[in-house]
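It should be emphasised that the depicted structure is a prediction, and the values quoted were computed from it without experimental measurement.
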Amino acid sequence: NWITDQRFELSASVTDKADAFATGDAAVLVTRGEFAASVRSNDQFVKPGTNTKILVDVKDYNKRPIKNQLVTVALIHQPWGDGRQETLERRNVKTNSRGQASLMLPIKKSGSYLVFAFAKDARGNGIKANCYLYSCHEGEQCHFHTTNQLEIITDKRSYTPGETAK
């Protein structure tokens, strides 16, 4: 039970009784509905007390824009480390002739934010997309969700423009 579209690929190699060998590949895109949606922010890291621009894009599977599509966008706050979620904003936007819509959302406090977009196609299928934003005050310990183990250690805590980190 996936919340997004999935692409499945199958490769097969077969040898028959006469030692004839054949291979084949196929792929299928399994979709939730008649179109796909994406949502993103201009900024992944946002200072508390500021606004961020959210961009929504809705296209069919031939990359054609879906115009006049109603999309609900929710801003969900997740305070650092405690697992709670609170929906702070919920707004409806309608896509333009390019299948795009935008809105400004306020980032009032530090923490992780989930931006969730939801639309329905003509058959009533739910189409979902999301992205994450992060916000913390200067000097605050922030707990970002990382998927790699890269750690950068510099010789100073901050730099002025033109300085080189060592």
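Taking CG of Asp121 as the reference point, atom CD1 of Ile127 lies at 5.0 Å (rounded to 0.5 Å). One finds the CG atom of Leu114 at 5.0 Å from the CG atom of Asn130 (value rounded to the nearest 0.5 Å). Atom-to-atom distance recorded for Phe45:CZ and Ile107:CD1 is 13.0 Å, nearest 0.5 angstrom. With rounding to the nearest 0.5 Å, the separation of CZ in Arg40 from SG in Cys131 is 9.5 Å. Taken from CZ in Arg90 to CG in Leu105, the straight-line distance is 12.5 Å, to the nearest 0.5 Å. With rounding to the nearest 0.5 Å, the separation of CG in Asn96 from NZ in Lys67 is 10.5 Å.
Hydrophobic cluster membership is shared by Ile66 and Val93, with clusters built from Ile, Leu, Val, Met, Phe, Trp and Tyr side chains linked at under 4.5 angstrom. The hydrophobic cluster containing Leu55 does not contain Val115, counting ILVMFWY residues as joined when their side-chain heavy atoms lie under 4.5 angstrom apart, directly or transitively. Taking hydrophobic clusters as Ile, Leu, Val, Met, Phe, Trp and Tyr residues chained together by side-chain heavy-atom distances below 4.5 Å, Tyr132 shares a cluster with Phe118. Cluster membership for Phe116 and Tyr134, using ILVMFWY side-chain heavy atoms within less than 4.5 angstrom, is shared.
Shown here are the side chain to side chain contact (heavy atoms under 4.5 Å, CB included) partners of Ser38, two or more places apart in sequence or in another chain: Asp57. Scanning for salt bridge (Lys or Arg N to Asp or Glu O under 4.0 Å) contacts around Arg98 gives an empty result, with sequence neighbours left out. Lys94 is linked by a salt bridge (Lys or Arg N to Asp or Glu O under 4.0 Å) to nothing, counting only residues two or more places apart in sequence or in another chain. Applying the side chain to side chain contact (heavy atoms under 4.5 Å, CB included) rule to Pro106 yields the partners Asn51, Glu89, Arg91, Lys108; only residues at least two apart in sequence or on another chain are considered. Every residue was checked against the salt bridge (Lys or Arg N to Asp or Glu O under 4.0 Å) condition with Asp43, not counting sequence neighbours, and none meets it.
A donor-acceptor contact shorter than 3.5 Å is absent between the side chain of Gln69 and the backbone of Ala119. Proximity of a side-chain donor or acceptor of Asp60 to a complementary backbone N or O of Asn62 within less than 3.5 Å is detected. A distance-only check finds a donor-acceptor pair linking the side chain of His77 to the backbone of Ser110 [under 3.5 Å]. Proximity of a side-chain donor or acceptor of Gln78 to a complementary backbone N or O of Glu86 within less than 3.5 Å is not detected.
Using a 4.5 Å cut-off on side-chain heavy atoms (C-beta onward), Ile54 and Leu75 make no contact. Residues Leu88 and Tyr113 have side chains in contact (heavy-atom distance under 4.5 Å, counting atoms from C-beta outward).
Sorted by first and then second residue, the side chain to side chain donor-acceptor pair (under 3.5 Å) pairs with a member in residues 10-20 read Ser11-Asp25; sequence neighbours excluded.
Residues Tyr61 and Phe35 share a closest heavy-atom pair of OH-O, 3.2 Å. Annotation for Pro65 and Gly99: closest pair CB-N, 3.4 Å, computed over non-hydrogen atoms.
When the shell of 6.0 Å around CZ of Arg84 is examined, it contains 12 or fewer heavy atoms from other residues, nucleotides or ligands.
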